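Presented below is the structure to which this report refers.
All values reported here derive from a predicted model rather than from experimental measurement.
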Amino acid sequence: MTKSELIETLAKKHDHLHYRDVELSVKGLLEQMSSALASGERIEIRGFGSFSLHYRPPRIGRNPKTGDTVPLPGKYVPHFKPGKELRERVNQGAD
């Protein structure tokens, strides 16, 4: 599902809301989550999961084209851990 599909689905499900309001809400929510992660905060949504940052230390990489070694700097990468309810729901859907 893409962001635009999510907005369209929510707008159809809640027809008392204007499409533009749903679009602003979804975009605002995603922007707040991105800002929180960018400032190093952890996001926890009960029943859904949590978003956090994992640090990858600097390492020596290799250029696949030339085979030369390349020093790669350390970096933070976003990490999502699904909650128990989400894991169970996904597993029920897979059966």
Side-chain angles (χ1 to χ4, degrees):
M1 174 178 273
T2 64
K3 183 167 62 176
S4 59
E5 289 172 342
L6 174 64
I7 292 168
E8 203 166 299
T9 302
L10 288 173
K12 283 181 185 173
K13 194 171 186 175
H14 303 282
D15 56 355
H16 61 284
L17 298 172
H18 293 283
Y19 180 87
R20 183 76 182 144
D21 294 336
V22 174
E23 183 179 26
L24 285 173
S25 298
V26 169
K27 287 182 177 179
L29 175 71
L30 295 174
E31 177 57 34
Q32 286 298 313
M33 292 175 72
S34 297
S35 296
L37 285 173
S39 64
E41 293 179 49
R42 182 176 181 273
I43 301 169
E44 183 176 332
I45 302 170
R46 296 280 167 144
F48 184 73
S50 63
F51 297 87
S52 60
L53 296 176
H54 283 191
Y55 181 72
R56 290 194 180 154
R59 63 184 176 92
I60 301 296
R62 188 181 65 82
N63 183 335
K65 208 172 203 178
T66 63
D68 295 340
T69 57
V70 180
L72 298 172
K75 63 181 176 181
Y76 287 94
V77 291
H79 176 75
F80 174 71
K81 182 177 178 184
K84 183 180 176 186
E85 288 179 38
L86 178 60
R87 275 185 280 134
E88 289 173 354
R89 192 170 177 179
V90 168
N91 282 331
Q92 285 176 348
D95 293 337

Under 4.5 Å between side-chain heavy atoms, hopping through other hydrophobics if needed: is there a path connecting [X] to [Y]?
X	Y	answer
Tyr19	Leu6	yes
Val26	Phe80	no
Leu24	Leu10	no
Val90	Phe48	yes
Leu29	Ile7	no

How many angstroms lie between atom CG of Leu86 and atom NZ of Lys81, to the nearest 0.5 angstrom? 12.5 Å

Does the salt bridge (charged side-chain N to carboxylate O under 4.0 Å, His left out) test come out yes or no for Lys27 and Glu23, once each step is laid out? CA-CA 6 Å; Lys27 287 182 177 179; Glu23 183 179 26; 3.3 Å; yes

Where Leu37 and Ile43 come nearest, the two heavy atoms and their spacing: CG-CD1, 3.9 Å

Thr69 and Ile60: which non-hydrogen atoms are nearest, and at how many Å? CB-CG2, 3.8 Å

Got [X] and [Y] here, is their nearest side-chain heavy-atom distance under 4.5 Å?
X	Y	result
Lys3	Leu30	yes
Met1	Thr9	yes
Met33	Ile45	yes

Check this for me: does any side-chain nitrogen of one of Arg89 and Glu85 sit under 4.0 Å from a carboxylate oxygen of the other? no

Distance-only side-chain donor-acceptor flag, Ser4 / Glu8, under 3.5 Å: no

So with a 6.0 Å cut-off around CZ of Arg42, is the heavy-atom count from everything else above 12? yes

Decide if atom OH of Tyr76 counts as having more than 12 heavy atoms of other residues, nucleotides or ligands within a radius under 6.0 Å. no

Give me the ring orientation class for His79 and His54: parallel if the planes are under 30° apart, tilted from 30 to 60°, perpendicular past 60°. parallel

